[in-house]
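The structure appears right after this line, and notes come after that.
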Amino acid sequence: MPANTSSKVRVRFAPSPTGELHVGNIRTALFDWAYARHTGGTFIFRIEDTDTERVTPEYIQAAINTLKWLGLDWDEGPEVGGENGPYLQSQRLDIYAEWAAKFLEQGDAYHCYCSSEELEAVREAQRAANVAPGYNGHCRELTPQEIAAYLSEGRKPVVRMRMPDGSTTFTDLIRGEVTFEHKFVPDFVLARNDGSPLYTLAVAVDDVLMKVTHVLRGEDLLSSTPRQLRVYDAMGVKAADYPLFAHLPFVMGQDNAKLSKRNGETSIAWYRDAGYLPEAICNYLALLGWSPGEDRENVTMKELTELFTVERVHSSPARFDMKKLEAINGDKIRALSLEDFFTWAMPFMRKAGTVTGTDEEVALIKKALPIIQERIVTLGEIPALLNFLFVKDFVIAADSVEKIADEQSKKVLQISAERLSTLTEWNHESIEAVLRSALIEELGLKPRIAFSALRIAVTGSHISPPLFESMELLGAAKSLARIRGAL
RNA sequence: GGCCCCGUCGUCUAGCGGCCUAGGACUCUGGCUUCUCAAGUCAGCUACGAGGGUUCGAAUCCCUUCGGGGCUACCA
């Protein structure tokens, strides 16, 4: 039944920014974007801000920033414009009003004078009687007298869509054929009594006007699809021209409930601040409900666009697993060029107050990054690992001080200081050579014992980057001073 | 309650009637490597929700059942 396969693909991501975009939203955006890029189509970004109670300008801006940060660039939408704009529904109110009026005129919709209280009472009764709740059609066929009576009471009507008898069947690209009997799809409201549109009206009108060919969205919207199709029909769109639907499975939290603050971090801002790379987030999210097959997992953004197809999207929900995200983030960090790694690392060093960004600091950071690149999972771990190189008032961590208080440690430090001070060339090879000869060969100590004391004395912690490289970077003067200071 | 969707290792998944005594990844456990932590590497643990069919043959098709989720708004 569906056409549109021959025309150019146009997909949209249309969030309702009633809060920060969360992981689930982003997964949807990612799939929308990947599908558009895969097909060489157009990616439209539209803001559904018809819920004026909950949507705020701040959230809208945050959504824009999040998509940008992730690298999900759009071809039409806020900031870039496009010939089918505006892309904020709040700026399209007159369009919806026109269509609502047209539906009224055509008899597809009607004025409903029922108050919220009356509606609630009806639902209450339906629940009590154990019948399917929903609008009972009270205002479907009002007489002019009844209307006049309502009007004289000061009632202002909403616009309600008439659902005809019968059923709606459509093919979901992920789930196959889905049918809804209209007796379970009650007449629904298109516009509030102040004339403002509801999601059901705006989404359908915009998808048609913006020539959207594929609707990839969360599965929570699956059961609203018959209503959307009903609006298309009223708009005079032929069934063959309806967009194709693909309802994406949910992203769940650890406790098998929809992901929320309670069971996992949901805001992308949190992941950004913790030091996750956009590519890692996208790669991981892509794996939630989709798979490239062939035992592949690690894909770049480019590969994602090449490999992504709706056919490979799952129909079952996926649980968000922080551990796996961390693993992928670590992989992505290790794959970074030194140049890129530095660019990502610098803001974290600054923010932590580890450095201010002087030329000397920058030079040292660039030399130090290679030795920590494979030992971190998030960028946020960088400052703690490199802090010993920049710290002004060096102190040994409390839990490590006692570990070098014994005689043997003292001896190790004493001898190390003596031998190290004779070195003419200060680099990790010469440092290692002289220490091995003094401590391992001459004293016969186990490496892990001998070097542990030095590590603590020099870096202040029993966990650090490789010791000899660390000492080379720290420099002879500071290294020796710290070793002596620990005695 | 009704309607709709979903159900392979703890988690994400491969699988689309025989290649499956079910593969990969993450996690976890153990080994190797090793100056700590990592990284790397080797090995191990663990799954087709259940019950009926169809078929020579089912994780793959059908039915039932159980379980999970969504919707049921003048939210989206």
Side-chain angles (χ1 to χ4, degrees), chain A residues 14-18 48-51 53-55 112 114-116 119-120 123 126-127 129-135 156-160 172 174-175 178-181 183-186 188-194 196-200 202-203 217-226 247 249-250 252 254 256-258 284 287-298 312 314-328 330 334 372-377 385 432 435-436 439-440 446-456 459 461-468 470:
Chain A
S16 177
T18 54
E48 310 229 328
D49 54 350
T50 51
D51 184 352
E53 302 262 307
R54 300 195 296 154
V55 175
C112 172
C114 297
S115 68
S116 308
L119 257 19
E120 183 49 43
R123 275 194 292 270
Q126 288 167 328
R127 263 194 293 271
N130 221 343
V131 296
Y135 187 64
K156 294 181 68 181
V158 301
V159 178
R160 196 178 280 276
D172 183 279
I174 294 171
R175 289 147 214 284
V178 182
T179 299
F180 288 88
E181 298 292 334
K183 59 182 171 184
F184 301 119
V185 186
F188 55 97
V189 177
L190 293 170
R192 300 184 179 89
N193 63 192
D194 65 357
S196 64
L198 256 39
Y199 170 77
T200 337
V203 72
R217 60 185 355 177
E219 74 164 285
D220 50 334
L221 269 353
L222 183 61
S223 48
S224 87
T225 308
H247 289 92
F250 285 127
M252 318 291 272
Q254 321 279 281
N256 203 21
K258 254 182 105 173
Y284 175 63
L287 262 22
L288 258 28
W290 175 82
S291 130
E294 297 173 348
D295 291 342
R296 277 243 268 164
E297 290 207 322
N298 194 316
R312 291 198 65 90
H314 253 245
S315 49
S316 52
R319 228 122 10 227
F320 185 87
D321 180 17
M322 184 79 90
K323 286 280 190 231
K324 180 102 177 195
L325 204 212
E326 287 174 356
I328 290 179
R334 268 167 251 132
I372 62 163
Q373 189 163 14
E374 69 181 25
R375 5 183 74 78
I376 58 168
V377 153
L385 237 32
E432 178 167 7
L435 289 177
R436 277 193 187 282
L439 305 173
I440 313 302
K446 287 221 184 309
R448 63 182 302 139
I449 303 291
F451 299 139
S452 171
L454 273 168
R455 179 188 312 286
I456 291 170
T459 69
S461 166
H462 63 282
I463 295 174
S464 82
L467 179 60
F468 313 119
S470 295

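So you know, we letter chains A, B, ... as the sequences are listed, proteins then strands, and number each from 1.
The partner of B/C71 is B/G2, by the rule that a Watson-Crick or G-U pair needs both atom distances under 3.5 Å. Partner assigned to B/G7 is B/C66, using Watson-Crick or G-U wobble distances below 3.5 angstrom.
Under 3.5 Å, the side chains of A/Arg192 and A/Ser196 contain a donor-acceptor pair of N or O atoms.
The listed nucleotides are B/G69, B/C12, B/C74; the one nearest the side chain of A/Ser116 is B/C74. Side-chain proximity of A/Leu222 to the nucleotides B/C35, B/C74, B/C4 is greatest for B/C4. Which of B/G7, B/G69, B/G15 sits closest to the side chain of A/Ser315 comes down to B/G7. Comparing B/C35, B/C74, B/G40 against the side chain of A/Pro466 picks out B/C35 as the nearest. With B/A76, B/A39, B/A25 as the choices, the nucleotide that has an atom nearest any side-chain atom of A/Glu374 turns out to be B/A39. Side-chain proximity of A/Leu119 to the nucleotides B/G24, B/C75, B/C74 is greatest for B/C74.
Following rounding to the nearest Å, A/Leu287 (CG) and B/C26 (C1') show an atom-to-atom distance of 10 Å. One interatomic measurement links the two molecules: CZ of A/Arg448 to P of B/U34, which rounds to 12 Å at whole-angstrom precision. Between the CG atom of A/Asp321 and the P atom of B/C9 there is a distance of 15 Å, rounded to whole Å. For A/Trp290 and B/A14, the CH2 to P distance is 10 Å, given to the nearest whole Å. The CD-C1' distance, from A/Glu53 to B/C74, rounds to 10 Å in whole Å.
The base of B/C37 sits with one of its N or O atoms less than 3.5 Å from a complementary donor or acceptor on the side chain of A/Arg375. Taking 3.5 Å as the limit, the base of B/C12 and the side chain of A/Arg319 contain no donor-acceptor pair of atoms between them.
Nearest-nucleotide positions on RNA chain B place A/Ile174 closer to the 5' end than the other of A/Ile174 and A/His462. Toward the 5' end of RNA chain B, the nearer of the two residues A/Gly289 and A/Val189, judged by each one's closest nucleotide, is A/Gly289.
Nucleotides B/U13 and B/G7, compared at atom P, are 11 Å apart to the nearest Å. Across B/G40 and B/C45, the matching C1' atoms stand 22 Å from one another, rounded to whole Å.
For the atom pair CZ of A/Phe188 and CZ of A/Arg160, the computed distance is 10.0 Å after rounding to the nearest 0.5 Å.
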